[in-house]
Amino acid sequence: MSEQPNYRKSSYSGSDNDACVEVADNMPRIMVRDSKFVEGGSPEITASPAAWTAFLDSRVKLTDTI
């Protein structure tokens with residue numbers, strides 16, 4: 001595992017590069033941040049891989065019902 005998070009733009013972010021959600025999944029925990037606040041130490045949301053998968057699965061199920 002890498003010691004530094006390797007953030008990438010989420011596939012759900014829009015085309016506006018100033019307002020992106022970035023995800024790092026190369027750590028023991030999944031890390032999510034807002035790209036607008038990277039310079040000032042963006043607040044991050046962290047989750048275990050299992051919790052992140054459950055979250056994504058719940059979002060897919062929700063969008064399937066809309």
Side-chain angles (χ1 to χ4, degrees):
M1 297 256 166
S2 173
E3 291 185 23
Q4 294 295 319
N6 182 20
Y7 281 98
R8 60 181 166 74
K9 180 179 170 182
S10 169
S11 61
Y12 289 97
S13 291
S15 60
D16 181 5
N17 286 332
D18 292 336
C20 300
V21 173
E22 296 177 329
V23 178
D25 57 5
N26 66 314
M27 306 297 288
R29 302 195 53 86
I30 308 300
M31 301 167 76
V32 182
R33 71 180 181 186
D34 185 334
S35 64
K36 292 182 285 192
F37 300 107
V38 173
E39 294 298 322
S42 172
E44 298 169 334
I45 297 170
T46 60
S48 70
W52 184 246
T53 298
F55 168 74
L56 294 178
D57 287 347
S58 71
R59 300 305 303 158
V60 168
K61 290 175 186 171
L62 178 64
T63 57
D64 285 347
T65 62
I66 297 176

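Here the structure is a predicted model, which is why all the values come from computation and not from measurement. These values consider heavy atoms only, across backbone and side chains, with no hydrogens, waters or symmetry-generated copies.
- Applying the side-chain contact (heavy atoms from CB on, under 4.5 Å) rule to A54 yields no partners; only residues at least two apart in sequence or on another chain are considered.
- Using a cutoff of 4.0 Å between basic side-chain nitrogens and carboxylate oxygens, E22 and K9 are not scored as salt-bridged.
- Listed here is the closest heavy atom pair of A51 and A47: CB-CB, 4.3 Å.
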side-chain contact (heavy atoms from CB on, under 4.5 Å) assessment of V21 paired with V32: CA-CA 7 Å; V21 173; V32 182; 3.6 Å; yes
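- For N26 (side chain) and Q4 (main-chain N/O), a donor-acceptor pair under 3.5 Å exists by modelled atom type.
- Taking T53 as the reference, D57 meet the side-chain contact (heavy atoms from CB on, under 4.5 Å) condition, with sequence neighbours excluded.
- Here the straight-line distance linking atom CE of M27 with atom OG1 of T46 works out to 10.5 Å at 0.5 Å rounding.
- Here the straight-line distance linking atom CZ of F55 with atom CD1 of I30 works out to 12.5 Å at 0.5 Å rounding.
- The two residues P49 and P28 make their nearest non-hydrogen contact at CD-O, 3.5 Å.
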Full working for side-chain contact (heavy atoms from CB on, under 4.5 Å) between W52 and D25: CA-CA 10 Å; W52 184 246; D25 57 5; over 6 Å; no
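- Under the rule for a salt bridge (Lys or Arg N to Asp or Glu O under 4.0 Å), R29 has no partner lying at least two apart in sequence or in another chain.
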